[in-house]
Structures are given as structure tokens and as C-alpha cells.
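FYI, side chains are in, hydrogens and waters are out, and symmetry mates aren't considered; it's all heavy atoms of this structure. Throughout, a chain's letter reflects where its sequence line sits, starting with A, and its residues are numbered from 1.
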Amino acid sequence: MVIIQFPDNSIKKFPSGTSALDVANSISEGLARNVLAAKVNNKVIDTLIPLEENNQLKLELLTWKDDQGKETMWHSSAHLMAEAIHFYYPKVKFAIGPPIEHGFYYDMEFPKETSFSSESFLKIEKKILELAKEKNEYKRKLVTKKEAIKYFTEKNNNYKLELINDLEDGQITFYQQGQFIDLCKGPHIPHTGHIKAVKLLNVAGAYWKGDEKNKQLTRIYGISFPKKKELTSHLERLEEAKKRDHRKIGKNMSLFMFSKKVGQGLPLWLPKGAFLRSQLVDFMKQTQLKFGYQPVITPHIGSKELYVCSGHYDKYGEDSFQPIKTPDANEEFFLKPMNCPHHCEIYKSEPRSYKDLPIRFAEFGTVYRYEQSGELHGLTRVRGFTQDDAHIFAMPHQVQSEFESVIDIVLYVLKAMGFDKYIAQISLRDPKKKEKYIGSDENWQLAEEAIIQSAKNKNLETTIEYGEAAFYGPKLDFMIKDAIGRKWQLGTIQVDYNLPERFQLEYKGSDDKMHRPVMIHRAPFGSLERFIALLIEHTGGNFPLWLTPVQFIILPISKKYNEYCYKLLNSIKNYDIRGHVDDRNETTGKKIRDAELKKIPYMLIIGEKEVTENQISVREHGGNNLGSIKEGDLMQMIKEKIDKEIEKN
RNA sequence: GCUGACGUAGCUCAGGGGUAGAGCACUUCCUUGGUAAGGAAGAGGUCGGGAGUUCAAAUCUCCUCGUCAGCUCCA
């Protein structure tokens with residue numbers, strides 16, 4: 001007897017041997033047709049296996065509408081793709097093939113003589129759909145470790161054997177659909193027929209077990225859907241997202257550029273981009289003054305000794321830009337990869353008393369890091385960038401409140417820029433790889449606890465990632481997704497007990513003894529380059545009015561009004577609002593179209609009527625016509641809008 | 001750095017061994033206009049760079065630089 005409790009709390013009894021699919025069938029044919037997996041007592045399982053008897057089970061039937069339903073479907077799709085690839089390339093060794101946030105991938109080793117590229121996608125997609133039509137069941141089979149090892153030894157698949165080695169005997173399952181058998185813990189969808197549309201997206205290299213010392217396998221990414229239409233709209237969404245790519249918008253709106261001659265990953269800010277950036281810097285400067293920060297300025301290079309002291313040399317020296325040498329070659333300098341060592345030296349420049357603390361040194365420090373060429377990416381990953389950096393030197397008992405006050409700044413900034421979806425990630429050290437970090441266990445524990453506690457006090461919803469800490473201390477990172485869903489770290493706050501030790505930083509306490517301060521590293525924007533990249537992708541180039549480089553454009557209906565328009569422009573400039581006149585010999589329709597494409601918020605149209613009535617005809621970006629307005633009223637309206645934007649900050 | 005793809009006019013792209021193409025942008029002229037493209041003419045490129053194969057290379061081969069997707073890395 002199988003006793004089932006449904007999500008609506010109703011309870012029903014079924015005969016022994018009943019599977020989740022049978023239950024679905026008893027409810028409706030439609031549900032049975034759509035059910036992909038089952039959640040029993042919160043564990044996702046196959047729909048085909050008989051449900052456990054006697055104990056009452058909580059059962060939820062999962063379909064495409066459920067995230068775990070999608071996940072199951074994509075996992076099964078990975079198997080099906082493997083079957084199709086196996087059909088054309090029988091010698092391929094399969095490694096792992098999991099579902100991911102949007103779709104799935106499978107890592108595999110192609111025989112040396114076989115090269116695989118995206119040209120083969122079409123025939124594989126075709127084969128997948130062909131196999132899908134066969135509606136083959138995903139059959140689960142419990143095997144012994146011995147059997148599993150025997151099977152994959154015969155297949156000569158060292159990857160699966162390695163995986164089996166780590167598994168416990170008695171827990172090992174194979175899944176078979178059609179002619180394809182795979183080591184897999186499941187669960188899977190009932191049969192391949194659910195997969196109605198599939199698209200292979202790209203092929204890439206991926207290291208076995210994510211370790212670059214291991215062999216690089218071929219990874220094929222794909223996505224599948226239960227309806228063709230959903231695939232089409234998914235692909236359309238991807239196309240839409242590409243239009244928000246900051247590299248594309250940056251080019252179109254003349255915000256920034258790169259030049260091969262200047263160098264890879266070294267952005268050049270064009271006048272409009274530089275303006276936007278300076279608005280952000282001014283905003284942050286003001287914010288930091290309010291929060292008690294003191295600006296400092298340090299040079300772009302520092303001696304090797306400085307970084308040996310901080311530990312950066314040991315950690316990154318080899319992978320940095322190579323040192324700059326003085327003519328007699330006795331001295332070596334590095335391009336500044338971080339501002340903290342310089343700030344430590346400023347701290348040390350005079351004796352500090354407990355009465356001085358906390359001390360907060362802030363600098364828009366431009367730093368240079370030799371990032372691997374394959375990792376460079378528009379403005380989000382560059383080799384020269386500017387941090388809105390600051391270092392807080394505090395007494396141990398002040399760490400908590402200082403940390404929380406930085407969280408306030410970060411949240412304030414994110415909100416002001418309209419980033420309402422962010423991920424707050426607590427980045428701790430990998431306890432298994434302590435050799436990657438400097439400092440004592442005790443210091444790490446103190447620092448990690450301080451962060452976890454602060455996040456808790458601020459009611460932040462956080463995720464924890466091990467192995468993501470900086471080498472000198474743990475972090476609280478604020479991540480934002482870009483147009484195609486990649487996560488980027490923007491704001492970061494780090495607690496550091498280690499650099500103060502390395503730099504022998506001290507302050508005199510009320511007990512007349514010397515004590516060691518704790519450092520907090522923090523950057524609410526993170527890097528201005530990356531922040532602006534994400535700002536572009538989120539706004540699609542339609543920036544908040546206070547940030548936008550060109551706020552209005554005056555469009556004379558014909559050149560008869562050009563002179564009047566320039567007078568108007570001069571008058572408007574007194575209001576501290578930015579714009580210019582489009583005096584080209586073009587029709588009004590053309591000028592409007594161009595202004596729309598340039599995403600200019602206000603178009604001020606001037607013709608016969610406006611000149612005689614001394615009014616301005618105003619069109620907003622996007623097509624909204626505000627009608628005729630007096631100059632003063634319009635300026636007040638724009639001013640108010642800007643004030644509101646900054647006020648919400 | 002690794003795997004795969006791509007580099008043709010300022011931008012978006014077509015062409016694919018035999019004299020370099022389109023649309024937009026740009027310049028000049030005509031037109032003087034009313035809320036997303038008025039008309040005409042013109043200028044603009046050693047087809048990323050280098051070597052090779054060939055009578056002949058933008059096109060084929062190799063190398064190199066850069067860009068894109070992913071992996072690894074990310075102070």
C-alpha cells in the first residue's frame with residue numbers, strides 16, 4: 001500500500017508498485033503526459049520507479065513549470081545528446097553531463113584524430129530529435145561497483161572509472177535510454193519524447209574536474225524545450241540580451257574604446273563615457289565625505305619591496321606585468337596592482353592613538369593587473385582599472401560597526417543606480433587549501449566570523465562560497481548579473497587581520513600599550529570600469545538623467561531658427577543642464593530619429609510656433625510628446641526629476 | 001594561458017583564386033521642413049599583420065596579432 005499526501009494536503013492510497021507516473025495518470029491524462037519528475041519527501045526522483053510503501057509520502061509531481069522539472073529534463077537531454085554524439089563518434093569517451101541554469105552540457109574526450117567543431121551541430125541536433133521521437137524510456141538500473149567497473153573498463157572510459165571509484169557500492173546506478181548507457185545517479189524524465197526542441201549552443205574546452213593540470217575535454221553546451229515555440233522565444237531573448245551588451249552600446253554611444261596599439265584590456269574613455277564616469281566619482285566622493293572618509297592619493301607604481309612585504313609579490317609577482325627597472329637596474333618597481341600597501345605606509349607615517357581610530361583612507365586608485373588574455377572582456381575584465389578603494393584601520397571592537405556601515409554604503413549605491421537584484425556572497429577560504437592563503441587560523445576565524453555576523457545583523461540574504469576569499473582575508477562580495485546572466489563582482493568588503501601584521505601597524509591604546517589595528521578593504525563600485533559596464537547592460541544605455549552625458553538636444557525645424565536655438569541653448573546652460581543644438585541640414589523627422597537612436601532624454605523642438613509663442617515643444621526619449629512648455633517650467637521639471645533621482649540615493 | 005569560432009570602408013554586413021561590394025555614417029549641392037530615415041552627386045579599403053603555394057591570393061596553407069563563447073584564473 002502506498003499512502004500519498006498531495007501538496008494540497010489531501011491523502012490518497014494506491015496499490016503497491018504504484019509509480020509517480022501512475023499517480024499522475026490517476027489524476028489526469030494531461031498531467032501524466034507532462035510530468036517530468038517527482039518530488040517525494042523533498043527528494044526529486046524518477047516517475048517510473050515504484051514508490052515506497054507503508055509510510056505516508058509527501059508527493060509533488062514536477063512538470064516543465066517547475067525549476068526542478070526543467071533541471072531533470074535538461075539532465076536527460078544531456079544524456080540524449082551523448083547518445084546522438086555516440087552515434088556519429090562511437091570512440092568518444094564521456095565524462096560528466098549535468099544540467100545548468102539555462103540548459104546543459106556534456107564534457108567528453110574526442111579521439112585525437114577527430115576534430116569537433118560547431119559545424120557538426122546541425123546533424124547532431126537532427127539525430128537528437130530523431131531519437132527523441134522514439135520515446136525511449138530512461139531506465140534506471142542498480143549495479144554493483146564491480147559491474148560498473150567492468151562495464152567502463154570495457155569501454156576504456158577512465159573518467160567514469162574515476163567517478164565510480166569515489167562512489168559507495170550499493171549506491172551506483174546506470175541509466176539507459178535507447179542504445180545508450182550512462183553512469184548516473186538520476187533522476188530522469190520518463191522518456192525521450194518530452195524533448196521536442198533542442199539547440200546546441202557552443203563548443204568549448206573544459207578541464208577534467210575543473211583543474212587546469214588535468215586534460216582538457218571538449219564541452220558542448222545545449223538547451224532543450226518541450227515545445228518548439230519555447231526554443232524560438234529563448235533564442236529571441238538571447239538576441240535581445242545581446243543588444244544590451246555594454247561593448248556594443250559603448251561603441252554606439254561613443255562611451256569608450258579599445259585600441260590594439262594602446263594594448264589589450266586597456267580601455268580609453270571617450271568624452272561622453274568620461275563624463276558619465278566623473279559623475280559617478282563625484283557622487284562617491286560626496287558619499288564618502290559624509291561617512292567620514294579622508295581622501296589620499298598614491299602613485300601608480302611601488303617598489304618590489306612594498307609588495308614583498310604585503311605578500312602580493314609571492315602570490316602574484318610571477319603573473320604580474322614585469323617590473324620596471326631604474327637605469328642602473330638596482331631597483332625594481334611594479335605597476336600598482338592594489339592600493340592597500342600604499343595606504344598601509346600612509347597609516348605608518350605617524351604614530352596613531354586609539355583616539356584617532358577608525359581611520360578611513362579613500363582613493364580612486366588606478367591599478368594594473370596582468371589578466372590572462374582569454375579572460376579579458378569589454379570593460380568587465382581589463383588590465384588597467386580604477387577602484388573606488390578605501391581602507392579602514394580600526395580597533396578590533398570597532399570592526400563590526402565599521403563593516404556594517406560599509407554595507408550601508410554598498411546598498412545605498414546599488415539602490416541609487418537601480419540595481420535591485422544582487423547576490424550577496426560571503427567568500428571564505430577553502431579549508432582544504434590553506435596553503436593558498438596567508439595568516440593564522442585564528443585570524444581567519446576572527447575575520448570570517450566578523451563578516452558572517454555583520455551580514456546577519458544587516459539581514460542580508462547571503463550565499464557562502466568556499467575558496468573565493470582573497471589570499472589575505474575573507475570577503476563579502478556583491479554580485480550583479482550581466483545581460484546574458486553572467487555574474488560579476490561589483491562591491492566588495494574585506495576584513496583583514498593579516499596585512500596589519502605584515503606591515504607592523506600599531507596604535508597606542510588607552511592602556512599605554514601598543515596594539516594592532518584591523519583593516520577593512522572596501523570598494524562599493526568595485527571597479528569603475530566594471531560598474532559602468534553593468535550599468536550600461538542594466539539600463540540598455542538609457543541612464544538616469546543625472547548621469548546621462550547629453551540630457552537634451554535642441555532641434556530647429558529649419559535653419560531659419562538656428563540662431564534662436566543657440567540663444568536658447570545659452571540660456572538653458574545657466575540651469576546646469578547639458579545638451580546641444582542639432583543644426584544639421586536635415587528634416588525634423590531625421591533629427592528626431594537620430595536623437596532617439598542616441599538615447600537623448602529630451603528633444604526640444606523649435607519652429608515658427610515656438611518662436612512666436614516663446615515656448616518649447618518637448619518630446620521625451622521613447623516618443624512621449626509633452627507639448628509646449630515655457631523654458632523656465634521645463635527647466636524646473638528637469639531639475640526636479642534629477643533631484644528626485646539623487647535624493648532617492 | 002587552454003579549446004573552438006571570427007577579423008572585408010567609421011558602423012552593420014555580403015563576396016570567397018582573375019581590376020573591392022551594399023546600406024547607414026561622412027563631404028558637397030538641391031530642398032527649408034512639425035515628432036523615428038527628403039533627393040542627387042562624391043569621397044572613403046595594400047580585405048588585421050607576416051610568410052608560403054600560384055601566372056594570379058581578400059579568397060588556399062602556415063605563423064602572428066586582435067575579437068567572441070567557454071574553461072582555468074581573478075589581490
Side-chain angles (χ1 to χ4, degrees), chain A residues 105 107 110 115-119 201-221 242 245 247-248 251-252 254 257-261 263-265 307 310-317 319-320 336-341 367 369-378 380-383 387 389 427 437-438 468-473 475 484 486 488-489 492 494 496 499 521 527 530 555-562 584-597 603-610 617-627:
Chain A
Y105 66 77
D107 283 350
F110 279 85
S115 72
F116 184 85
S117 77
S118 50
E119 282 161 30
L201 297 167
N202 52 53
V203 55
Y207 301 104
W208 169 237
K209 290 191 168 171
D211 189 335
E212 65 178 327
K213 289 183 202 101
N214 288 339
K215 190 173 173 69
Q216 191 169 54
L217 306 173
T218 303
R219 174 174 295 179
I220 300 174
Y221 285 87
K242 273 190 198 156
D245 190 314
R247 292 164 298 195
K248 199 178 169 76
K251 198 178 254 175
N252 284 343
S254 304
M257 61 170 279
F258 290 90
S259 147
K260 204 195 262 192
K261 223 172 209 163
Q264 253 190 312
Y307 302 111
S310 69
H312 288 97
Y313 179 78
D314 252 10
K315 200 76 204 155
Y316 296 103
D319 308 316
S320 290
K336 174 165 81 175
M338 277 299 280
N339 303 299
C340 33
V367 296
R369 298 175 184 175
Y370 184 79
E371 304 288 0
Q372 296 185 79
S373 63
E375 192 49 54
L376 297 172
H377 181 95
T380 53
R381 195 77 186 271
V382 286
R383 285 179 173 166
Q387 299 175 309
D389 206 4
S427 304
Y437 309 91
I438 58 170
E468 293 293 313
F471 73 93
Y472 51 73
K475 312 189 281 177
I484 60 170
R486 289 173 295 210
W488 296 95
Q489 174 203 308
T492 178
Q494 311 169 2
D496 179 6
L499 286 191
H521 308 237
S527 119
R530 183 179 289 176
L555 309 181
I557 296 275
S558 92
K559 72 179 170 197
K560 277 190 277 187
Y561 314 109
N562 281 0
R584 292 176 306 159
N585 184 11
E586 293 290 353
T587 57
T588 311
K590 173 71 170 161
K591 288 179 184 178
I592 287 171
R593 177 180 154 81
D594 287 346
E596 285 288 347
L597 292 176
M603 287 155 240
L604 315 187
I605 298 160
I606 301 295
E608 184 61 35
K609 182 168 162 266
E610 287 72 19
S617 181
V618 185
R619 177 194 163 109
E620 284 183 312
H621 172 62
N624 189 22
N625 195 337
L626 299 183

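- Remark: B:C2 base-pairs with B:G70. Criterion, Watson-Crick or G-U wobble with two distances under 3.5 Å.
- Among B:A75, B:C11, B:A36, the nucleotide with an atom closest to any side-chain atom of A:K251 is B:C11.
- In this structure, of B:A75, B:C73, B:U32, it is B:C73 that holds the atom nearest to the side chain of A:Q372.
- Residue A:R619 is in base contact, counting any heavy-atom pair closer than 4.0 Å across all strands shown.
- Residue contacts for A:T587: at a heavy-atom cut-off of 4.0 Å it reaches a base atom on one of the strands shown.
- Residue A:K260 has its side chain nearest to B:G66 when only B:A75, B:G4, B:G66 are considered.
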Legend entry - Intermediate values then yes/no, side-chain contact (heavy atoms from CB on, under 4.5 Å), A:L217 and A:R219: CA-CA 6 Å; A:L217 306 173; A:R219 174 174 295 179; over 6 Å; no
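- Between A:D211 and A:K209 there is no salt bridge, since none of the side-chain N atoms of the basic residue sits less than 4.0 Å from a carboxylate O of the acidic one.
- Nucleotides B:G42 and B:G1 place their C1' atoms 49 Å apart, quoted to the nearest Å.
- Considering only side-chain atoms of A:K609, the nucleotide from B:G34, B:A75, B:U32 that sits closest is B:G34.
- Closest approach to the A:I557 side chain among B:G34, B:G1, B:A75 is made by B:G34 (side chain taken as heavy atoms from C-beta onward).
- Separation of the P atoms belonging to B:U67 and B:C62 is 22 Å when rounded to the nearest angstrom.
- Ring geometry, A:Y472 versus A:H521: the interplanar angle falls under 30°, so the pair is classed parallel (tilted spans 30 to 60°).
- With P as the reference atom, B:U27 and B:A36 are 24 Å apart, rounded to whole Å.
- To the nearest whole angstrom, the two P atoms, one in B:U19 and one in B:C47, are 15 Å apart.
- The interatomic distance linking A:I592 (CD1) with B:A36 (C1') rounds to 7 Å, in whole Å.
- B:U8 and B:A56 are spaced 26 Å apart, taking the P atom of each and rounding to whole Å.
- Nearest to the side chain of A:N202, among B:G33, B:A69, B:G1, sits B:A69.
- Minimum atom distance to the side chain of A:R584 is reached by B:C26, of the listed B:C26, B:A69, B:A75.
- B:U35 atom C1' lies 15 Å from atom CD of A:E586, rounded to whole Å.
- Relative to the side chain of A:N585, the nucleotides B:A75, B:G34, B:G33 differ in distance, and B:G33 lies closest.
- Counting any heavy atom pair closer than 4.0 Å across all strands shown, A:E608 reaches a base atom.
- The base of B:C74 lies close enough to the side chain of A:R381 for a donor and an acceptor atom to sit less than 3.5 Å apart.
- In this structure, of B:C68, B:A75, B:G33, it is B:C68 that holds the atom nearest to the side chain of A:R247.
- Within the nucleic acid shown, A:R383 has no heavy atom closer than 4.0 Å to any nucleic acid atom.
- Taking atom CD1 of residue A:I605 and atom C1' of nucleotide B:G33, one finds them 12 Å apart after rounding to whole Å.
- Looking at heavy-atom distances under 4.0 Å, A:K261 makes no contact with the nucleic acid at all.
- B:C65 atom C1' lies 17 Å from atom CZ of A:F258, rounded to whole Å.
- In this structure, the side chains of A:K213 and A:Y207 stay at 4.5 Å or more apart for every pair of heavy atoms.
- Across all strands, A:G210 comes closer than 4.0 Å only to sugar-phosphate atoms, never to a base (heavy-atom distances).
- Rounded to whole Å, the P atom of B:C13 lies 38 Å from the corresponding atom of B:C55.
- One can place NZ of A:K336 at 17 Å from P of B:A75, the figure rounded to the nearest angstrom.
- Base-pair partner of B:U19: not found among the strands shown (Watson-Crick or G-U wobble, both distances under 3.5 Å).
- Remark: P of B:G1 and CD of A:Q264 are 7 Å apart, rounded to the nearest angstrom.
- No engagement by A:Y105 is indicated, since no non-hydrogen atom pair under 4.0 Å with the nucleic acid exists.
- Remark: C1' of B:G1 and OH of A:Y370 are 8 Å apart, rounded to the nearest angstrom.
- In terms of modelled atom types and a separation under 3.5 Å, the side chain of A:K315 and the main chain of A:S310 share no donor-acceptor contact.
- With both pairing distances under 3.5 Å, B:G10 is matched to B:C24 as a Watson-Crick or G-U wobble pair.
- Put simply, the side chain of A:T380 does not reach to within 4.5 Å of the side chain of A:R486, judged on heavy atoms.
- Between A:Q216 and A:H377, it is A:Q216 whose nearest contact on RNA chain B lies nearer the 5' terminus.
- B:G44 and B:C63 are spaced 37 Å apart, taking the P atom of each and rounding to whole Å.
- Nucleotide B:A43 forms no Watson-Crick or G-U wobble pair with any nucleotide shown, as no partner meets the under 3.5 Å limit on both distances.
- A stacked arrangement is assigned to A:Y316 and the six-membered base ring of B:A75, with a centre-to-centre distance below 5.5 Å and an interplanar angle below 30°.
- A salt bridge does not link A:E586 to A:R593: none of the charged side-chain nitrogens sits closer than 4.0 Å to a carboxylate oxygen.
- Rounded to whole Å, the separation between the C1' atoms of B:U28 and B:A22 comes to 22 Å.
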Inset, instruction - Start with the C-alpha distance between A:Y316 and A:M338, add both sets of side-chain angles, then the distance that settles side-chain contact (heavy atoms from CB on, under 4.5 Å), and finish with yes or no. - result: CA-CA 11 Å; A:Y316 296 103; A:M338 277 299 280; over 6 Å; no
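- Closest to the side chain of A:K590, from the set B:A37, B:A75, B:G70, is B:A37.
- Where A:K560 and A:R530 meet RNA chain B, the nucleotide closest to each residue was compared, and A:K560 sits on the side nearer the 5' end.
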